[in-house]
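The structure appears below as structure tokens.
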There are 2 protein chains.
Amino acid sequence: MGMGRPREFDAETALDQAMEVFWRHGYEGATIAQLTEAMGINPPSLYACFGNKEGLLKAALDRYTKLRGVWMDEVVAAATARDVAERMLMGIADKQTDPANPPGCLLVQGGIACGTGSENVPFELAARRSQNEDQLRDRFIRAKAEGDLKPASDPAALARYVSAVAVGMGVMASSGADREALRQVATVAVQAIEAQSGKYPPTPAVKQTPSKQTRSGTA
Amino acid sequence: MGMGRPREFDAETALDQAMEVFWRHGYEGATIAQLTEAMGINPPSLYACFGNKEGLLKAALDRYTKLRGVWMDEVVAAATARDVAERMLMGIADKQTDPANPPGCLLVQGGIACGTGSENVPFELAARRSQNEDQLRDRFIRAKAEGDLKPASDPAALARYVSAVAVGMGVMASSGADREALRQVATVAVQAIEAQSGKYPPTPAVKQTPSKQTRSGTA
DNA sequence: CCAGATATGTAGTGTTCACTACAGATGTGG
DNA sequence: CCACATCTGTAGTGAACACTACATATCTGG
């Protein structure tokens, strides 16, 4: 019965190009014309492969978070909570000013506020950011159990804090902050984690956060 | 020679409504139809009064930053650098989750990335944010001169840091973080300023920042 | 009350948007 | 070589967009 004509472009290569357009112009600011031109294909190919504009964004986000995930694994592999925070924020300072990419972070640049019909795009991005936050939180929970963080420290709050700084740095980068400026921010930011650090008797990780359960929904 | 028919709406009241629309949907996401409906006027009145959509945004930003300016004056009136940071970030946690307004900060929600024809909108917002950062920096310069911050501390870096945290909190707020979550972030963030605080012999404020001059361009 | 000036409401303008109909091209299975 | 399935390029589709022409309404100054 035949399997049809094979596609003439590489989906991942095309996604990389689309990712850059979304990264630079945001979801709403990116037009199908810009996307197809960057991807080197025509609209019907785009729609056959990704469904619609939002499907393309999600595919680009999948690719972005996948690449970012391997880096985050390196980040949480640092020895202490303090080193995790430093490696994360210093790395972000570098990545967000890497001339190979648009400035800032796709998970922020993609769209913080959107118009009618795209209301869920910001939440889609927020969900991806919260994955990073969760990974940080788990790492800080471990750090606390290992006596690397104060027994009174709140790993979820610390993770939320580091995520917030990362997002703020992304916004700064996209509006022109240079690498040195972001590194200065990172250097200061790490000191808040340092204030929670030290060498304490290991906590059995049983009661980890007595404070009210407050989900941030973002990172 | 006559002075013409008087306008039937109050410009500031209308601006408040427009501000809320931009705040909720961003510059590109806000449509003239939404704006005129919220303002209770028709398009010709809008264009006669504000020029065009971008002119309306700028007018709304002027109003926003004016209101914010009086609050910032209260913030920098705190006794120490640490108290300034705490008052700023705790206040932001409350303001950005005030149900009377859309969540987050207009200077962030307004537009981080924009499409062709609106490229300067993000810079317009960044310029307004940097005003806050400058005000903080000046306050921290004074704190350092008063011996309230370490002689080795960098007021510009600290101001940039506080601004970054504020922006990050705004993004979190707009994607669903509640007040408690933001306050936790603020509490952690203040500790980085605390680490730079203490009681030191006053610095004559002559050579204030030996590090390379790095302008952030954002806040 | 009139002339000039500015505001308002109705009803559009052209443009750009995301998306697609369709015909032709290129593959596979029989 | 033929039926079938899928992709590709051309050329649009209707809808939504920012913005405006124009007639009418409401003011001031004389």
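Fair warning: this is a prediction, and the values are worked out from it, not measured in the lab. Atom set for the values below is all heavy atoms of this structure, side chains included, hydrogens, waters and symmetry mates excluded. Naming: A, B, ... by sequence-line order, numbering from 1 per chain.
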Taking C:dT8, D:dT8, C:dC19 as options, the one with an atom nearest any side-chain atom of A:Ser45 is D:dT8
Per atom distances to the B:Tyr47 side chain, the nearest of C:dG24, C:dG9, D:dC19 is D:dC19
note: A:His25, atom NE2; C:dC17, atom P; distance rounded to Å ~ 11 Å
Looking only at C:dA25, C:dC19, C:dT10, the nucleotide nearest the B:Asn42 side chain is C:dT10
Among D:dC19, D:dT8, D:dT28, the one nearest any side-chain atom of B:Met3 is D:dT28
Taken to the nearest whole Å, CZ/A:Phe50 to P/D:dC7 is 12 Å
Out of D:dC19, D:dT8, C:dC19, minimum distance to the side chain of A:Pro44 belongs to D:dT8
Closest to the 5' end of DNA chain C, once B:Ile41 and A:Tyr27 are matched to their nearest nucleotides, is B:Ile41
Taken to the nearest whole Å, CD/A:Glu37 to P/D:dG9 is 14 Å
Select base, sugar-phosphate, or nothing to describe what A:Pro6 touches, counting heavy atoms under 4.0 Å on all strands.
-> sugar-phosphate
Taking atom types as modelled, find out whether A:Asp73 and A:Gln135 have a side-chain donor-acceptor pair closer than 3.5 angstrom.
yes
In whole angstroms, the gap separating P of C:dC19 from NZ of A:Lys53 amounts to 8 Å
note: B:Asn52, atom CG; D:dC17, atom P; distance rounded to Å ~ 17 Å
Lys/Arg cation over aromatic A:Phe9: A:Arg7, 6.0 Å, 45° cone: yes
Given side chains that start at C-beta, do those of A:Gln34 and A:Phe22 come closer than 4.5 Å, heavy atoms only? no
A:Leu35 atom CG is separated from C:dC17 atom P, nearest whole Å, by 11 Å
Checking D:dA21, C:dC17, D:dC19 against the side chain of A:Thr31 (C-beta onward), the nearest is C:dC17
Next on the checklist: With a 4.5 Å cut-off on side-chain heavy atoms, are A:Arg139 and A:Val75 touching?
Outcome noted: no
Testing C:dT6, D:dT8, C:dA18 for proximity to the side chain of B:Arg5, the answer is C:dT6
Do B:Leu15 and B:Phe50 have side chains that approach each other closer than 4.5 Å (heavy atoms only, starting at C-beta)?
yes
B:Asp10 CG to C:dA7 P, in whole Å, measures 14 Å
5'-most contact on DNA chain D (nearest-nucleotide basis), A:Arg7 vs B:Ala30, goes to A:Arg7
Taken to the nearest whole Å, CD/B:Glu8 to P/D:dC27 is 8 Å
